[in-house]
Amino acid sequence: MGKSRVVRVGGVPLGGGNPVVVQSMTSTPTVEVAATVEQIRRLQAAGCEIVRVAVPNAESAQALREIKKEVSVPIVADIHYDHRLALAALEAGADKLRLNPGNLRDPDKIRAVAQAAQERGVPIRVGVNAGSLDTRFLQGQRVTPEGMVKAALWEIELLESAGFEDIVVSLKAHDVPLTVEANRLLRREGDWPLHLGITEAGTAWEGAIRSAVGIGILLAEGLGDTIRVSLAGDPVKEVEAAWEILGSLGLRQRGPSFVVCPTCGRTGIDIAGIAQAVRERLKPVTTPISIAIMGCPVNGLGEAQRADFAILGGQKFGTIYAHGQVVRPKVPEEKLVEEFAHLVLQEVHHG
Ligand code: SF4
């Protein structure tokens, strides 16, 4: 399988073997500029590299202009139903458009958007969603991988016939096997960068697992140039989950990766509480480091010696390791988090 083509979103390259890009979407009403800007900044601080905002009406397109003045991360305008909103979003400075072929179906209007986007060098994502698939592509009432691919190809051909090539594609469903198969099929049809996601995945817990399975399968097969984890709730969680997925596959790492023992009858300190507290304390860290928090020497010794930083638990105490060496033996349990976080932060900031 060859590489996908490169498409630039603002200053961020998608595809062509570039690192898989993390993106998310704001949940604030776009017309509330201050709240949206604040959320975009929080997303960016968590490692989000492209942010999408909904543009459901002309006022939102106007708000986009104000939002763009306040933020540095590339902004994608999410467009449904009305191509004039796409034109307005381009005017307002959107760095990318997402068009849904399920509800924007007039070829002339789509070509008009393509032309306006072309003039500004703005890419378009053809975003097919199982929930809004055009009935032309249903099999009876059923959404199939082939139908989703056909829906995408229909719009891609329209854009390409207008000479437009900066195309990104997404095929998303809540159903993981459906999403996986649709993306596999699409990849055989062309080299457009793929935006991966499992849509309407759920709240943080089940949604993160569902997304990790679906996105993870495709990434492991070498598919996917950007990912969006869709979770109900604070979108910062989407970004955290996306990084966890990329880290698990060894594709990219941002901040600490954690090895934490599951605890058992040998455990003599509150491993889960300590790990949670350490994770919170180290949230500002973006340097890739490995951290092990282990209950006893059974597996803990090896993990502690291999990690950049580690806590190896005993009975009501823990020993702190750095780079495989003991640096603080037998620290009382209640002081462990503080001493450990201090040590890591000191080295990350000054090392
Ligand atoms: S590292 Fe020790 S405490 Fe943790 S699960 Fe393994 S045996 Fe139990």
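These numbers come from a predicted model, not from an experiment. As the structure lists them, so they are numbered: ligands from 1, and atoms in each ligand from 1.
Defined by atom type and a distance below 3.5 Å, a donor-acceptor pair is missing between the side-chain atoms of T26 and R52. Side chain to side chain, E200 and S230 fail the donor-acceptor criterion of an N or O pair below 3.5 Å.
Exactly one of V344, L336, V337 qualifies for a side chain to side chain contact (heavy atoms under 4.5 Å, CB included) with F340. That residue is V344.
Sparse packing is recorded around CZ of R266, with 12 or fewer heavy atoms of other residues, nucleotides or ligands lying under 6.0 Å away.
Contacts between T263 and ligand 1, counted as non-hydrogen atom pairs separated by less than 4.0 Å, involve the backbone only.
Given atom 3 (S) of ligand 1, the protein heavy atom at minimum distance is T267 OG1, 3.3 Å. The protein non-hydrogen atom at the shortest distance from atom 6 (Fe) of ligand 1 is N299 ND2, 4.0 Å. At the shortest separation from atom 4 (Fe) of ligand 1 among protein heavy atoms lies C261 SG, 2.4 Å.
One option in P262, G295, C296 has a heavy atom closer to atom 2 (Fe) of ligand 1 than any other, and that option is C296.
With ligand atoms numbered from 1 in the order given, ligand 1 contributes 3 (S), 5 (S), 7 (S), 8 (Fe) to contacts under 4.0 Å with heavy atoms of C264.
Taking the six-membered ring where the residue is Trp, F137 and W154 present tilted rings, their angle falling between 30° and 60°.
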